[in-house]
Amino acid sequence: MTSTYTTLSTGQRMPLIGLGTWKSLPGQVKQAVLIALDSGYRHIDCAAAYGNEQEVGQAMWERIGPEKLIKREDVFVTSKLWNTKHHPEDVEPACKKSLADLGLHYLDLYLMHWPMAFQRGDEVMPRREDGTIQYADTHYRDTWKAMEQLVDKGLVKAIGLSNFNAKQTDEILRICRHKPVVNQVECHPYLTQKQLLTHCHDRGVALTAYSPLGSPDRPWATPGEPQLLNDPQILAIAGQYGKTPAQVLIRWQVQRGIICIPKSVTQYRIQQNIQVFDFKLSEYDMKQIESFNRNERLIAPTIETGGQKVWRDAGHTHFPFHDPY
């Protein structure tokens, strides 16, 4: 049986499976977190940009604390610094806002959500009159140095990256006092991230997979796009093991040493998604699933230009996906 934890470079034990909260609607996310905590999850992945941290915090208040069923130190909570808060002066206030919304005194992990800075302010997506996003030129190195002070002050136990490519990760590693412990990236069989996984693991940086099930409810999905959970080969493998397609996809990540944060607001799915430690995929099945790779990003937001879909933020100086990994 695989361990249910991975050990980070700080010595922290991070549960390999957590509950993702992106796109979980108000009125649903609190119940999802309660179900997860009651089902044995001890890792909750949050972000300021998701707009639901207050409700996540309400669920934590009901379950976690000295008088409650679960001790704070037994739950690993991640949040993320949004692109409009990259200016060094904005980093600590943004972190404290997440802490207040979540009702916590510290975060186990705080990630830079993207390497790209947007214009400072409280709008999640600051736009020009023509609808394009207003970028800022704050460099992620300067943002990182401000995040390191959060560790010094005890507001967060560790800091990390999200959506950084290999070169950008190395750039942070070259200048850091506090090493990034995690890089959280899109990862699933259509985007296996094999090169980035090796690159990060060689440097003692863990990889977390977001959208490990292919994010079928992503806002910009178009009809006819592939649905990973309905892939006939995944369905066939799931049938062999008597497991759901989601359990197979999560187990595949766990066996690769990747942390996984599947999102759901449905009780039976939340409960099923953590039940992946009682079986093991064969080497043949692991390789078969890896062979689905098409280096296909499902999550990078796209816009229509001249009848073609292009990456929305491809013009940003620090856009991470021009590099192969």
Side-chain angles (χ1 to χ4, degrees), residues 5-15 18-22 33 42-54 56-57 60 64 72-118 120 122 124 138-164 168-169 171-173 175-185 200 203-210 259 261 318 320:
Y5 291 85
T6 191
T7 302
L8 303 177
S9 60
T10 52
Q12 292 166 281
R13 293 204 313 165
M14 185 174 183
L19 180 75
T21 58
W22 179 45
V33 174
R42 293 297 180 263
H43 172 188
I44 308 294
D45 183 86
C46 316
Y50 301 165
N52 58 14
E53 287 193 324
Q54 280 187 318
V56 172
M60 292 197 196
I64 300 170
R72 169 65 187 96
E73 58 267 30
D74 293 337
V75 182
F76 195 102
V77 183
T78 300
S79 186
K80 307 180 192 78
L81 178 79
W82 183 239
N83 306 0
T84 54
K85 305 297 179 184
H86 276 212
H87 192 283
E89 290 174 12
D90 297 334
V91 170
E92 186 174 325
C95 179
K96 285 181 170 175
K97 172 77 164 59
S98 280
L99 285 170
D101 287 345
L102 292 166
L104 300 175
H105 296 299
Y106 68 89
L107 292 166
D108 298 275
L109 178 60
Y110 197 47
L111 305 178
M112 199 184 318
H113 208 144
W114 289 87
M116 307 175 295
F118 291 175
R120 296 172 75 183
D122 292 325
V124 175
T138 304
H139 201 289
Y140 50 80
R141 289 190 305 255
D142 298 322
T143 308
W144 185 261
K145 287 171 184 172
M147 289 175 67
E148 290 182 317
Q149 293 174 31
L150 304 176
V151 182
D152 298 338
K153 293 179 179 182
L155 295 170
V156 304
K157 300 272 188 189
I159 47 179
L161 310 169
S162 182
N163 297 300
F164 274 59
Q168 292 168 331
T169 302
E171 201 167 352
I172 293 293
L173 286 166
I175 59 101
C176 66
R177 284 190 302 113
H178 293 294
K179 183 178 173 175
V181 297
V182 159
N183 188 8
Q184 184 181 125
V185 296
C200 287
R203 288 152 178 78
V205 178
L207 214 66
T208 297
Y210 70 71
I259 302 149
I261 46 169
H318 301 140

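Since the structure is predicted, the reported quantities are computational estimates derived from the model, not experimental observations. Below, all heavy atoms of this structure are taken into account, side chains as well, without hydrogens, waters or symmetry copies.
- Inter-residue side-chain proximity for Pro88 and Lys145 is flagged as unmet; no heavy-atom pair is nearer than 4.5 Å.
- Side-chain contact between Met60 and Val77 is present, with heavy atoms from C-beta onward closer than 4.5 Å.
- Counting non-hydrogen atoms of other residues, nucleotides and ligands closer than 6.0 Å to CG of Asp152 gives a total above 12.
- In this structure, His318 and Tyr140 have perpendicular ring planes: the angle between them is above 60°, well past the 30° mark.
- Atoms CG and OH, from Leu111 and Tyr210 in turn, are 11.5 Å apart once rounded to the nearest 0.5 Å.
- Residue Met14 holds its CE atom at 8.5 Å from CG of Asp108, rounded to the nearest 0.5 Å.
- Distance check, rounded to the nearest 0.5 Å: OG1 of Thr78 to CD1 of Ile261 gives 7.5 Å.
- In this structure, Glu53 contributes its side chain and Ala47 its backbone to a donor-acceptor pair below 3.5 Å.
- One finds the CE atom of Met147 at 5.0 Å from the CD1 atom of Ile159 (value rounded to the nearest 0.5 Å).
- In summary, Lys85 and Asp122 engage in a salt bridge, as defined by a charged side-chain N under 4.0 Å from a carboxylate O.
- Residues Val151 and Arg177 fail the side-chain proximity criterion, which asks for heavy atoms closer than 4.5 Å.
- Under the side-chain hydrogen bond (donor to acceptor under 3.5 Å, both in side chains) rule, Gln184 has a single partner from Asp45, Asn163, Thr208, which is Asp45.
- Taken to the nearest 0.5 Å, the CD1 atom of Ile64 stands 6.5 Å off from the CZ atom of Arg72.
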